[in-house]
Amino acid sequence: MFFGCNGSAQKNSEEKKEFQITKTDAEWKAELTPEQYYVLRQAGTERPFSSPLNNNLEEGTYVCAACGTPLFLSEHKFDSGTGWPSFDREIKGNVAFGTDYKIGYERDEEHCAVCGGHLGHVFDDGPRNTTGKRHCINGAALKFVPSE
Ligand SMILES: [Zn+2]
């Protein structure tokens, strides 16, 4: 059984797409922390259980760490036990998908629809009583905005 969130270096096809927010590599590097840059711009994967957001149970919205676009809601977060923040659904329209075949089977890579920042991958082993999907997201790609 494979539980993971690990993505190998990603193909650059979506970088050719036009995103609403586009910046040069140097600009992203200057704005983001090294961990954020590694995940968002290089499609890296943070160490499991390394994100403080993994155990965050507060109510609020998870937004893109790079551009602030709302991506996931706390009510859709669940404890997958994998060590990465997990959600059973995204905020429709704000997350875009690309297929990633790098480790030998088809997976759906997901990224911010506004800036193209890599977020994680979606798998089909999520909660059966809701969507059945597990959006396995790097905490480094997210910022948490508590509800008022
Ligand atoms: Zn973004």
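Every number for a ligand or one of its atoms is a count from 1 in the order of the listing. The structure presented is a predicted model; accordingly, all values stated were derived computationally and were not measured. All residue numbers in this chain count up from 1 along the given sequence. All values below come from the heavy atoms of this structure, side chains included, with hydrogens, waters and symmetry mates left out.
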Colleague: Testing the basics here: between L142 and Y62, what is the closest heavy-atom pair and its distance to 0.1 Å?
Modeller: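 Scanning both residues completely, I find the closest heavy atoms to be CD1-CD2, 4.0 Å.
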Colleague: Just so I know, are the side chains of C64 and C115 near enough to count as touching, which here means a heavy-atom distance under 4.5 Å?
Modeller: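 Yes. Closest side-chain heavy atoms under 4.5 Å.
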Colleague: Between T69 and N94, does any side-chain donor sit less than 3.5 Å from a side-chain acceptor?
Modeller: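 The criterion, which ignores hydrogens and geometry beyond distance, is not satisfied for N94 and T69.
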Colleague: Between E109 and H118, do the side chains contain an N or O donor and an N or O acceptor separated by less than 3.5 Å?
Modeller: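 Note: E109 and H118 side chains meet the donor-acceptor criterion.
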Colleague: Using a cut-off of 2.8 Å, find all protein N, O or S atoms closer to the Zn ion (ligand 1) than that distance.
Modeller: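 Less than 2.8 Å away from the Zn ion (ligand 1) sit C64 SG, C67 SG, C112 SG, C115 SG.
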Colleague: What are the two closest heavy atoms between I137 and E46, and how far apart are they?
Modeller: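 Nearest heavy atoms, I137 then E46: O-OE2, 4.4 Å.
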Colleague: Any salt bridge linking E31 with K29? Criterion: basic side-chain nitrogen under 4.0 Å from a carboxylate oxygen.
Modeller: no
